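This one's a predicted model, so the numbers in the text were calculated from it and none came from an experiment. Counting starts at 1 for both ligands and their atoms, following the listed order.
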Amino acid sequence: MIPFISRADLSEQNIWIKHLSAAMPNEMIVLFADLTPEQKLQCEIAIVANPDPDHLLELPSLKWVHSVWAGVERMINELSSPPFSIVRLVDSNLAQTMSEAVLAWTLYLHRDMPTYAKQQSKKSWIQQPMVRAQDRRIGVLGLGELGAVSAQRLVANGFSVAGWSRNPKQVAGVECFYGEEGLIPLLRQSDILVCLLPLTIETKGLLNDQNLSCLPIGASLINFARGLIIDDEALLTKLEQGALSHAVLDVFMQEPLPINHSFWQHDSITVLPHISAPTHPVSASEIVAENIKQYRLTGNIPPAVDPVRGY
Ligand code: NAP
């Protein structure tokens with residue numbers, strides 16, 4: 001018996017139960033609400049999507065939870081020292097989806113689409129200087145499952161790409177920086193900065209006034225990671241000063257973005273409703289099924305999030 005635990009509405013939970021059950025015909029996947037008290041005592045595994053932490057703590061035998069999402073920042077934040085391991089979704093399809101979004105919005109900025117949209121609204125015929133892809137320097141913050149694939153897709157499309165991680169990395173065609181001392185050099189050479197970092201104690205507010213000031217004048221920003229990595233006030237100031245040209249934001253401090261939030265009206269901000277890389281239930285269910293099958297065979301829990309490191 002494996003519960004699916006989520007704060008999503010019931011219809012979405014039932015879609016997950018359908019796909020997870022199809023991928024695991026030998027397992028019984030049920031809604032948390034359908035567990036009997038005896039079953040709650042026995043559950044070793046739970047499958048989760050933004051779960052209520054109190055529900056997880058009602059399962060005393062829980063050894064690990066498998067998230068169907070790649071980002072588990074909220075769960076880590078809500079559960080201080082959980083007595084079970086947290087396994088997040090690592091799905092190559094998701095990395096492809098994210099890299100497609102990174103490429104799409106990089107091209108949007110690279111080919112000056114925000115500027116031409118503003119010009120059209122003023123019936124203004126101005127040809128902006130053409131910049132070749134190889135002369136456009138893209139910086140990718142985070143070279144993990146999503147960042148490395150995105151950086152390589154940008155390289156394949158002719159851009160000049162650098163990346164930043166915590167530990168030294170090698171990614172073909174990408175100039176790699178790492179550690180605290182690697183951040184400023186990367187920022188200084190990023191005409192377009194793409195954020196694909198996890199939200200941790202170290203990355204919260206990382207893109208503050210001081211670090212945003214290191215970007216070249218007129219640089220643009222894409223945040224597909226988590227809203228709290230950016231200091232919103234600092235970003236607004238930089239856009240208003242013209243130090244930065246445009247920001248494409250898919251993630252926010254509060255989601256959905258409140259209707260009275262200034263970002264909605266800002267003509268140098270593109271607001272996206274957290275859509276850069278949605279989990280696909282079929283491929284995610286297959287990955288969860290394989291991990292659970294291996295656990296049943298070997299007793300090995302898949303690589304889990306490090307609660308101290310925060311990702
Ligand atoms: P990941 O595989 O854990 O990679 C994280 C990367 O960030 C790694 O390269 C890591 O460095 C680097 N990093 C972490 N802390 C750092 C620090 N303090 N300094 C420098 N580098 C640091 O994560 P992922 O699967 O690529 O996902 C990244 C994030 O994307 C998720 O956490 C989530 O917030 C977000 N996401 C968004 C969407 C969406 O639709 N908008 C969808 C999925 C995920 P090392 O390699 O050295 O460890």
Show, in sequence, the C-alpha distance, side-chain angles and deciding distance for Glu78 and Arg7, and conclude whether the salt bridge (charged side-chain N to carboxylate O under 4.0 Å, His left out) test is met.
CA-CA 13 Å; Glu78 289 180 339; Arg7 280 178 274 204; 2.6 Å; yes

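- Close approach of ligand 1 to Ser276 (heavy-atom distance below 4.0 Å) involves ligand atoms 39 (C), 40 (O), 41 (N).
- Among protein heavy atoms, atom 7 (O) of ligand 1 sits closest to Pro198 CD, 3.3 Å.
- Taking the charged nitrogens against the carboxylate oxygens, Glu27 and Arg296 do have a contact shorter than 4.0 Å, which makes a salt bridge.
- Considering CG of Asn300 and CD of Gln294, their distance stands at 8.5 Å, rounded to 0.5 Å.
- Applying the ring pair (Phe, Tyr, Trp, His ring centres under 6.0 Å) test to His55 and every residue at least two apart in sequence or in another chain returns Phe32.
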Intermediate values then yes/no, side-chain contact (heavy atoms from CB on, under 4.5 Å), Val68 and Val48
CA-CA 6 Å; Val68 295; Val48 301; over 6 Å; no

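- In this comparison of Leu196, Leu272, Thr279, the heavy atom closest to atom 28 (C) of ligand 1 sits on Leu196.
- Residues satisfying the ring pair (Phe, Tyr, Trp, His ring centres under 6.0 Å) criterion with Tyr311, sequence neighbours excluded, are absent altogether.
- A salt bridge links Asp191 to Arg137: one of the charged nitrogens lies within less than 4.0 Å of a carboxylate oxygen.
- Between Leu59 and Pro3, the closest side-chain pair of non-hydrogen atoms falls below 4.5 Å.
- Which parts of ligand 1 touch Ala225 is read off a 4.0 Å heavy-atom cut-off, strictly below it: atoms 34 (O), 35 (C), 37 (C).
- Which parts of ligand 1 touch His274 is read off a 4.0 Å heavy-atom cut-off, strictly below it: atoms 39 (C), 40 (O), 41 (N).
- Residue contacts with ligand 1: Leu146 is placed with a nitrogen or oxygen under 3.5 Å of a nitrogen or oxygen of the ligand (distance criterion only).
- Counting protein heavy atoms only, atom 37 (C) of ligand 1 is closest to Phe224 O, 3.1 Å.
- Side-chain N or O atoms of Asn77 include none that pairs as donor or acceptor with a backbone N or O of Glu73 at under 3.5 Å.
- Annotation for ligand 1: atoms under 4.0 Å from non-hydrogen atoms of Arg226 are 33 (C), 34 (O), 35 (C), 36 (N), 37 (C).
- Ranking the protein heavy atoms by distance from atom 17 (C) of ligand 1 puts Arg166 CD, 3.9 Å first.
- A side-chain contact (heavy atoms from CB on, under 4.5 Å) with Val102 is found for exactly one of Leu146, Ile138, Leu196, Ile222, namely Leu196.
- Looking at Gly71 next to ligand 1, no N or O pair under 3.5 Å apart turns up.
- Remark: distances from the non-hydrogen atoms of Leu143 to ligand 1 include one below 4.0 Å.
- The residues Glu202 and Arg309 are annotated as not salt-bridged, no charged nitrogen and carboxylate oxygen being separated by less than 4.0 angstrom.
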Give the C-alpha distance, both sets of side-chain angles, the deciding distance and a yes or no for side-chain contact (heavy atoms from CB on, under 4.5 Å) between Ser6 and Glu12.
CA-CA 9 Å; Ser6 174; Glu12 198 182 326; 6.0 Å; no

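- Contacts of Glu180 with ligand 1, taken as heavy-atom pairs under 4.0 Å, are absent altogether.
- Proximity to Leu197 (heavy-atom distance under 4.0 Å) selects the following atoms of ligand 1: 7 (O), 12 (C), 13 (N), 21 (N), 22 (C), 29 (C).
- At the shortest separation from atom 48 (O) of ligand 1 among protein heavy atoms lies Tyr311 OH, 2.6 Å.
- Residue-ligand proximity, Trp164 to ligand 1, at heavy-atom distances under 4.0 Å covers atoms 19 (N), 20 (C).
- The side chain of Glu202, and not its backbone, has at least one atom closer than 4.0 Å to an atom of ligand 1 (non-hydrogen atoms only; side chain from C-beta on).
- Within the listing of ligand 1, atoms 45 (P), 47 (O), 48 (O) sit less than 4.0 angstrom from a heavy atom of Asn167.
- The closest protein non-hydrogen atom to atom 38 (C) of ligand 1 is Met98 CE, 3.6 Å.
- Checked by atom type and distance alone, the side chain of Asp250 pairs as donor or acceptor with a backbone atom of Ile275 at under 3.5 Å.
- The closest approach between a heavy atom of Leu199 and any atom of ligand 1 is not below 4.0 Å.
- Proximity of the aromatic rings of His110 and Phe159 is defined here by a centroid distance below 6.0 angstrom, and this criterion is met.
- Near Asp250, the atoms of ligand 1 lying under 4.0 angstrom from a non-hydrogen atom of the residue are 39 (C), 40 (O), 41 (N).
- Of the protein's heavy atoms, Lys169 NZ, 2.2 Å lies nearest to atom 46 (O) of ligand 1.
- The option with the heavy atom closest to atom 42 (C) of ligand 1, from among Gly179, Ala277, Cys195, is Ala277.
- Closest to atom 4 (O) of ligand 1 among all protein heavy atoms lies Gly144 CA, 3.1 Å.
- The heavy atom nearest to atom 2 (O) of ligand 1, out of those in Arg88, Glu73, Lys204, is found in Arg88.
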